[in-house]
Structure formats: structure tokens, C-alpha cells
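When a ligand or atom number is given, it counts from 1 through the structure's own listing order.
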Amino acid sequence: MNIHEYQAKELLGRYGASVPKGIVAFSPAEARAAAEKLGGSLWVVKSQIHAGGRGAGRFKNDPGGNGGVRVVKSIDEVAANAEKMLSSVLVTKQTGETGREVRRLYIEEGYRIQRELYIGMLIDRATSRITIMASTEGGMEIEEIAHRSPEKILKISIDPATGAQTFHARQVAYGLGLTGKQIGAATRFILSMYRAFTELDAQIVEINPLVLTDDGDILALDAKMSFDDNALFRHADIEALRDESEEDPAELEAARHSLNYVKLDGNIGCMVNGAGLAMATMDIIKLYGGEPANFLDVGGGATRERVAAAFKLILADSKVEGVLVNIFGGIMRCDVIADGVVAAAREVNLNVPLVVRLEGTNVELGKQILRDSGLPIMSADNLADAAQKVTTAVAQATEGVN
Ligand code: ADP
Ligand code: MG
């Protein structure tokens, strides 16, 4: 689960990492009030969306204008920019073409920056450890640094038995070329960040940039945190930070029905039970020249309602030009699946080819239900047959259109 920058900063601040003062705002009036409360002479108006690259991003209604992070010198400018940014759609490298509507802003005190650094922590699956990554090339995306100058990324792997120690943090500080009192400040920052990472069950914490200011301070000007969904049950306060308007509506709907759904780019929708079978189904669709539109595992004990919800979810994707239902009825009975599919197909006015491969408990009864439905459902006997039927049907349907 992802959270907004201002929420991540609030959490990191609680652990002792230094962050600028700031106040969230949902309207231009709130933005003005926030700037007044913060005082000072330099403010930053920051779009809060769950995507990076905001500074270099552009608003759809003002492509030649300023980006999603604006440094301004007066309270009037804070309000004027807030007015323009709120409710506008921001497109960044990470949002894709569609962009994201900005619904909240973070009004933050502005700093005069001397150097921008990068520091990130993540779980490295290869070593099963938390890895600290640091670079002097702050402000740039880490993927870009990795591509252009991989030698500029310092990586330190932390043994979970000891956790991050002062010497690890100092190693990072020296690696970044820090000197004097910056070393102590960076060390404290890194250890606070590590404690937040582990205690909050984070998946990624990324500070880009971590800056050295003109006054010699070190602080996080940007912060990204994402959390392990499987550990959220023990962090009700983090779960409460969820912003559903930032999440994919289809994935939210899937979560509501306990379906494991991941949207992909292809045109063949898949409904399968079991993650392994779902992967195999995707593979075989590709083998026959098709492209899966999604990964969807309805689980072992799905009900008729859940199957119907899954089916509707697949068809809600406008790219879907054919559907393959592939169910092995072990715990689940094939007649229940058939009932769900028929009910959903009727409800959504099915208008794309549907291939169903059922196997297992009550398979004959399931097939009978499909036949009796009067719906144009193609039955398949095995995986290969199913994949071949659906890819051929989709190819024929699209040929007919063109
Ligand atoms: P993003 O990574 O989404 O573009 P950032 O929060 O990193 O957003 O902001 C982009 C850039 O704006 C930063 O690299 C930094 O140069 C500048 N910036 C961000 N916050 C401040 C601030 N409080 N004071 C001064 N400059 C800032
Ligand atoms: Mg950034």
C-alpha cells in the first residue's frame, strides 16, 4: 500500500528523521492559511498524488506551464498556484498518459538547497535483506542513475540479526562524501529511517532528494513510503492513511471480493482458480500468440457471487476482446462456477467470445449448465484446446471488425 508524501514525512518525523515543516491543504483557502501559519519567506506548493516525477510533470490543462511542485515567494502566489493545481490532472513519467487528478496539496517551507542526494531502503529479494541504497545523484530517478552511472550507487545490505548499526550509517555518509557535522546528522537520519522501515513493516522508503541546506542541515525534501499489505493488519494507523482515490478502481473492487487481480495490457481476460493455474493459463495464452488482459485468481472456495464479481471485473476492462475461464474444481464445484458465469454473462450482456474449460468435481453438471444457458459459450476439454479456441476466436472477431 502506498501513502502520500506528507503522510510519509509525518511518519518519518515521528522516528526522528528531519523533515521540513508543512501542512496539507484541500482548497486554495486552506493553502493560504497553511502558508500564513508556516511563516517564512519561501514556500513550496506540492501536488500530492501517489506517483513520482511531479516536479518535472505537467498539468493537462496547462502543458506549457509549471510542474506539480512549485517554489514561490509570497502567500498570494501560494493561493494562486493552489487554485490552478487543485482539481487539475497532473501527468508525470510515472502516471502514464492519463495522469492523476490532484486533490490535495502539501504546503511546505522552502529551503535553499546546496546538494541533492538520494537515499533509499528496500527489501532485496536476492539476499532476503534490507538494502540501503545511496547516491550523490539526488533528484534523478534511481532507475535512471542505475542505467546511466551504476557505479554511483552505493549499496549496503543489512543483516537482520543486528539491524542497521552506526557503522553502516557512517559508511553511507562517507560514501556520499559528507564531512564534519553532516556525518553525524546523516547517521541519525539513516538510523531513524531504518527504524521507521522495520517497525512499520515498510516495503520501500525512498528519500529523493535528501538535501544539504545552505545552513548545513540535512533533511528529506521528498519522501515515498510503501508498506507490506500482508502486515497491515498490525498497523491500523497506517491502514487509515489509505487514499482510495489513488488506487486502481478495478483492484479495489477485486479486494472487496477477496479476488487476487492484477491488470495487464493484453486483450484476453482470464478467470482462474489458484495462482499456479492462473500463471500457467497466462503462459499458454501467450504460447498460442495471445496476450492476457489480467491475472485473476478467484481462490479455492469461491461462491457464485464471487465468480460473478470476478467475471464483471474482467469485462469492465474495455480492452478485453475474449475471455477464458479455466477452473479446476477440487474444493470448488464446477456447477457453482458455471452458475456464476452464466448469471454474470446474462447480467453484463456478454458480447465477446467466452471459452470455458472446467475439470474436476461435478464437471458434467457444470457443462450441462453452460449448454442449457443458451449463451454462446465455447467449451474446451483441456488447457491447450482452451487457449487455442480463445485466441482464434479473438483473432476472428477482430478481423471481422477491421
Ligand atoms: P518529485 O520527486 O515527485 O518530482 P520532489 O518532492 O522531489 O517531487 O520535488 C521536486 C524538486 O523540487 C526537488 O528535487 C527539489 O529540488 C524541489 N523541492 C521539493 N521540496 C522543496 C522544498 N521544501 N524546498 C525547496 N525545494 C524543494
Ligand atoms: Mg522526488
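For atom 22 (C) of ligand 1, the nearest non-hydrogen atom of the protein is Val44 CG2, 3.3 Å. The nearest heavy-atom contact from the protein to atom 24 (N) of ligand 1 is Tyr111 N, 3.0 Å. At the top of the distance list for atom 21 (C) of ligand 1, counting protein heavy atoms only, stands Leu221 CD1, 3.4 Å. Looking only at protein heavy atoms, the nearest one to atom 2 (O) of ligand 1 is Asp222 OD2, 3.0 Å. Distance from atom 23 (N) of ligand 1 to its nearest protein heavy atom, with residue and atom name: Glu108 OE1, 2.8 Å. Looking only at heavy atoms of the protein, atom 6 (O) of ligand 1 is closest to Lys46 NZ, 2.7 Å.
Using a 4.0 Å cut-off to heavy atoms of Gly52, the atoms of ligand 1 that qualify are 3 (O). Every atom of ligand 1 is numbered from 1 in the order shown, and the set under 4.0 Å from a heavy atom of Pro209 is 7 (O), 13 (C), 14 (O). In the vicinity of Arg54, heavy-atom distances shorter than 4.0 Å reach the ligand 1 atoms 1 (P), 3 (O), 4 (O), 5 (P), 6 (O), 8 (O). Near Asn208, the atoms of ligand 1 lying under 4.0 angstrom from a non-hydrogen atom of the residue are 7 (O). For ligand 1, the atoms sitting less than 4.0 Å from at least one non-hydrogen atom of Gly110 are 24 (N), numbered in the order shown with element in parentheses. Under a 4.0 Å criterion applied to the non-hydrogen atoms of Val69, ligand 1 contributes the atoms 8 (O), 9 (O), 12 (O).
Salt-bridge annotation for Arg103 and Asp243: absent, with no side-chain N of the basic residue lying under 4.0 Å from a carboxylate O of the acidic one. Using a 4.0 Å cut-off between a side-chain N of Lys or Arg and a carboxylate O of Asp or Glu, Lys263 and Glu251 do not qualify as a salt bridge. Contact check on Glu77 versus Lys73 returns no salt bridge, with no Lys/Arg side-chain nitrogen under 4.0 Å from an Asp/Glu carboxylate oxygen. Ionic pairing of Asp124 and Lys155 is not present here: no N-O contact between side-chain nitrogen and carboxylate oxygen is shorter than 4.0 angstrom. By the 4.0 Å N-to-carboxylate-O rule, Glu253 lies too far from Lys312 to be salt-bridged with it. Using a cutoff of 4.0 Å between basic side-chain nitrogens and carboxylate oxygens, Asp317 and Lys319 are not scored as salt-bridged. Under 4.0 Å is where a charged nitrogen must lie from a carboxylate oxygen, and between Lys93 and Glu144 at least one such pair does. Look at Arg100 and Glu246 and you find a salt bridge, because one of the NZ, NE, NH1 or NH2 atoms lies within 4.0 Å of a carboxylate O, short of that distance. Using a cutoff of 4.0 Å between basic side-chain nitrogens and carboxylate oxygens, Lys224 and Glu5 are not scored as salt-bridged. Ion pairing of Asp385 with Lys389 is present here, as a side-chain N (NZ or NE/NH1/NH2) and a carboxylate O approach within less than 4.0 Å.
The protein does not reach atom 11 (C) of ligand 1 closely, with no heavy atom under 4.0 angstrom from it. Counting protein heavy atoms under 4.0 angstrom from atom 19 (C) of ligand 1 gives one or more.
Contact check for Arg129 versus Pro160: side-chain heavy atoms found under the 4.5 Å cut-off. At least one side-chain heavy atom of Leu259 sits less than 4.5 Å from a side-chain heavy atom of Leu313.
Within Asp222, the N, O or S atom at minimum distance from the Mg ion (ligand 2) carries the name OD2.
Any N or O atom pair closer than 3.5 Å counts here, and Gly53 shares at least one such pair with ligand 1. The N/O atoms of Gly55, backbone and side chain alike, include one that comes under 3.5 Å of an N/O atom in ligand 1.
Across Lys224, Gln94, Glu116, heavy-atom proximity to atom 13 (C) of ligand 1 is greatest for Glu116.
The closest approach between a heavy atom of Arg112 and any atom of ligand 1 is not below 4.0 Å.
By the criterion of a heavy-atom distance under 4.0 Å, neither the backbone nor the side chain of Val211 is placed next to ligand 1.
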